[in-house]
Amino acid sequence: MPIQFHRRAAALCAVSLLALAGAVHAATPVNPPKPTPTTALTLGTGGQMPAEEAAVSIEHVDLKLKVIPKTKSIEGDATLTLAVKSALPRIVLDFDKNFTVSALLVDGKPATWTNPEGRLTINLAAPIQAGAKTTVQIRYAGQPHEAEKAPWDGGFVWKTTPTGEPWIASAVQGDGCDLFWPCIDFPTGEPLLVDFYVTVPAPLSAPAGGVLVDVQEKDGWRTFHWRQKQPDTYAVAVNVGPYDKLEATYKSRFGDSFPIEYWYLKSDDPAKAKALFAEFPTTLDFFEQMIGPYPFRSEKLGVVETPHLGMEHQTMNAYGNEYKKDVYGYDWLFQHELSHEWFGNQVTNVDWDDMWIHEGLGSYMQPLFSQWLHGDMEYMTRLNAQRVQSKNAFPIVSDKVMTEDQVYKPEGGPANDIYAKGSNVMHTLRATIGDEAFFKSVRTLVYGRPDPKPGNFAPRYATTKDFIKIVNDVTGKDYQWFFDAYFYQAKLPELLTTRDGDDLVLSWKTPSGKAFPMPVEVKVGDKIVTAPMSDNTGRIKVGDAVPVIVDPASKILRRQPYLEAYAAWKKEADEAAKKAEDAKTAAAKK
């Protein structure tokens with residue numbers, strides 16, 4: 001997801017309906033009633049998973065969705081095949097209660113259910129035993145929650161193109177798949193296979209993730225059938241519009257090829273679309289060289305232009321950056337969302353508390369790409385811009401089960417620091433353990449092995465503790481002290497320096513008081529001297545040498561009081577400017 005904080009607001013309400021047999025698509029009123037506010041439970045995602053959801057895995061989703069622009073509504077028919085891991089007394093799924101359900105069947109038979117606040121509980125005649133499989137079919141219709149500020153506030157986006165056609169997208173990473181289809185709304189709720197049928201008014205198109213199996217047109221409607229393997233729950237995404245498509249075959253350094261495609265609005269300047277598409281191969285070259293094989297080569301690399309900024313919808317990433325030029329010579333939004341095919345889609349965090357795996361590593365890919373393209377100046381410039389954004393108010397990792405809100409709200413969570421600070425932590429880790437160990441550790445985190453090749457890996461889950469263990473195994477050293485300092489505490493380590501005669505005396509101070517044996521380089525005149533700092537302290541003879549520069553290559557992320565002073569000044573200046581602008585606006589209205 002692009003960097004920016006998002007808010008939540010919801011009211012609680014309750015609904016209980018009996019299941020009824022019905023047609024494949026429930027009839028939708030010409031003017032469907034305005035839905036009641038979506039509940040806080042539905043607008044939340046992650047946290048402590050109910051035992052009934054932890055007891056199953058979704059092997060297959062057959063999802064038929066009809067998108068009706070005129071009424072901003074959808075009709076859905078979802079069949080979920082569940083594999084039962086332990087005895088299941090009832091079936092629990094996450095699903096927005098505001099949809100009208102016309103039928104709910106378990107193994108083909110009507111079942112009763114309740115859904116007072118967005119956690120659909122289905123009653124069973126008898127418990128389902130471990131090792132069994134069961135299917136749940138739900139037919140529903142209504143108006144999905146509309147995003148107020150996509151992609152940071154989740155929901156559907158209903159807009160029109162510059163030429164007047166419907167332009168629609170779903171963006172639900174922050175609020176969950178349950179906003180428009182029944183699912184398990186947790187990072188570990190990925191289905192193994194999804195058949196996604198999207199029906200839209202002809203001649204509109206509906207690009208989505210996976211492989212396009214078929215397109216059928218009948219009675220003024222077009223149905224696109226996509227088949228996608230093991231997508232993140234929010235990567236089952238709706239995109240509707242009047243699209244043209246650019247397509248090509250990417251020849252990989254691993255000796256094989258796979259399709260790449262970009263779906264863009266027909267009203268776009270074709271030259272701009274082609275210029276963005278020309279970035280695809282170069283960006284793939286970077287990721288495949290630095291990290292490893294593109295994970296979803298059996299399907300495609302796809303991008304679709306959307307009426308919101310962007311999101312990492314596996315094999316059909318959302319792009320809405322409007323072809324803006326960048327001083328670094330590439331489209332940052334395209335590159336960032338593509339990074340999530342590795343960090344987010346190939347390796348998925350087990351819990352939202354581990355979200356830095358997606359966003360910290362994904363954000364570090366931008367300075368790294370700048371270095372790969374143009375050298376160290378742009379690498380350091382990007383890193384410094386990220387460093388200045390960091391707040392250091394809450395730890396990147398809390399070491400407890402978290403919801404998405406708890407991570408992203410700056411009042412109580414790290415918010416943007418999982419991006420900006422996470423990127424700088426990766427820079428410091430790379431400098432500390434060296435390039436070979438760093439990239440081997442990252443590859444092992446992403447693929448589960450250090451030697452990934454097409455066909456020898458599959459999507460996987462990982463935690464922060466997994467990464468720490470990988471780094472320790474790769475280096476043969478215990479780096480828990482590093483991660484304690486940067487992940488599990490909010491404030492940065494501080495390097496104190498004093499003079500004692502001809503000596504420069506250095507000592508590390510951490511908020512936790514824990515050891516931080518980070519070696520420190522010092523430039524003394526024209527020489528670089530390293531203080532080992534094995535007991536948190538060091539001493540270097542500098543005499544009257546000039547200059548004396550601590551950490552001259554800026555390898556270490558640490559507290560810098562001058563940055564804190566700047567941040568305080570900037571906040572005060574911004575507040576004063578806003579106050580003056582508000583006063584000016586108020587005066588103009590008199």
Side-chain angles (χ1 to χ4, degrees), residues 252-256 283-297 335 338-350 354-373 375-376 379 382-383 396-397 418 421-488 517-519 521 530 553-557:
S252 168
R253 65 191 304 109
F254 292 94
D256 61 346
T283 314
L284 272 168
D285 289 346
F286 160 74
F287 280 109
E288 290 214 318
Q289 178 184 344
M290 302 301 292
I291 309 303
Y294 175 69
F296 307 104
R297 58 212 307 116
Q335 199 266 1
L338 182 59
S339 75
H340 287 309
E341 297 285 25
W342 286 262
F343 310 105
N345 298 338
Q346 165 58 28
V347 60
T348 302
N349 51 215
V350 169
D354 304 305
M355 193 61 181
W356 74 269
I357 292 173
H358 295 213
E359 301 298 0
L361 280 161
S363 295
Y364 182 58
M365 291 303 108
Q366 293 190 293
L368 193 62
F369 189 38
S370 288
Q371 186 179 45
W372 190 81
L373 285 172
D376 290 348
Y379 173 75
R382 274 197 177 277
L383 279 171
I396 292 176
V397 182
I418 63 174
K421 183 177 179 180
S423 174
N424 270 263
V425 171
M426 291 301 100
H427 162 69
T428 297
L429 179 63
R430 179 186 172 193
T432 302
I433 66 176
D435 277 14
E436 182 178 355
F438 175 77
F439 288 107
K440 184 177 181 179
S441 297
V442 171
R443 276 193 295 275
T444 304
L445 175 72
V446 171
Y447 300 99
R449 58 190 302 163
D451 59 342
K453 295 180 177 59
N456 74 354
F457 61 88
R460 62 190 303 268
Y461 295 106
T463 66
T464 300
K465 287 184 172 63
D466 291 333
F467 186 60
I468 296 172
K469 184 179 185 304
I470 289 168
V471 170
N472 290 345
D473 289 346
V474 168
T475 60
K477 298 179 181 179
D478 186 356
Y479 279 97
Q480 188 65 48
W481 60 268
F482 180 97
F483 296 101
D484 283 345
Y486 287 121
F487 280 170
Y488 295 108
M518 173 69 76
E521 291 181 350
T530 300
S554 301
K555 295 179 179 180
I556 306 172
L557 179 61

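Heavy atoms only: backbone and side chains are in, while hydrogens, waters and symmetry mates are out. Note that this is a predicted model, so its numbers are computed, not measured.
Put simply, CG on Asp376 and OG on Ser370 are 11.0 Å apart, with the number rounded to the nearest 0.5 Å. With rounding to the nearest 0.5 angstrom, the NZ atom of Lys440 is 14.5 Å from the CG atom of Leu445. Here Phe483 contributes atom CZ and Lys465 contributes atom NZ; the two are 12.5 Å apart, rounded to the nearest 0.5 Å. Note that the NE2 atom of His427 and the CD atom of Gln371 stand 9.0 Å from one another [nearest 0.5 Å]. Here Thr428 contributes atom OG1 and Lys555 contributes atom NZ; the two are 11.0 Å apart, rounded to the nearest 0.5 Å. To the nearest 0.5 Å, atoms CD (Gln335) and NE2 (His340) are separated by 10.0 Å.
Here the two rings, on Phe467 and Trp356, have centers that are under 6.0 Å apart.
Contact between Arg460 and Thr444 at its shortest, heavy atoms only, is NH1-O, 3.7 Å. Val347 approaches Ala462 most closely through the heavy-atom pair CG2-CB, 3.6 Å. Minimum heavy-atom separation, Val471 to Thr475: O-OG1, 2.8 Å. Nearest heavy atom pair, residue Ser423 against residue Pro367, reads OG-CG, 4.0 Å. Considering all non-hydrogen atoms of both residues, Arg443 and Pro450 come closest at NE-O, 3.7 Å. When every heavy atom of Tyr447 is checked against every heavy atom of Ile291, the shortest pair comes out as CE1-O, 3.7 Å.
Contact of the Met365 side chain with the Phe287 side chain is registered, since non-hydrogen atoms from C-beta on lie closer than 4.5 Å. Contact annotation: the side chain of Tyr486 never approaches that of Ile396 to less than 4.5 Å [non-hydrogen atoms, C-beta and beyond]. With a 4.5 Å cut-off on side-chain heavy atoms, Val474 and Ile433 do not count as touching. Side-chain atoms of Val425 and Phe482, non-hydrogen and from C-beta on, do get closer than 4.5 Å to each other. Residues Pro295 and Phe457 have side chains in contact (heavy-atom distance under 4.5 Å, counting atoms from C-beta outward). In this structure, Met290 and Val442 have side chains that are not in contact, with every pair of non-hydrogen atoms separated by 4.5 Å or more.
Side chains of Thr464 and Asp354: a donor on one and an acceptor on the other come within 3.5 Å. Looking only at atom types and distance, the side chain of Trp372 has no donor-acceptor partner in the side chain of Tyr379 under 3.5 Å away.
A perpendicular orientation is assigned to the rings of Phe296 and Tyr294, their planes being inclined by more than 60° (bins at 30° and 60°).
Listed for the Arg430 side chain is no donor-acceptor partner under 3.5 Å among the backbone atoms of Phe439. For Asp466 (side chain) and Thr463 (main-chain N/O), a donor-acceptor pair under 3.5 Å exists by modelled atom type. Between the side chain of Asp451 and the backbone N or O of Asn456, no donor-acceptor pair lies under 3.5 Å. Within the 3.5 Å criterion, the main-chain N or O of Ser252 finds no donor-acceptor partner in the side chain of Arg297. A side-chain donor-acceptor contact under 3.5 Å links Gln346 to the backbone of Val446.
No more than 12 heavy-atom neighbours from other residues, nucleotides or ligands sit within 6.0 angstrom of CD on Glu436.
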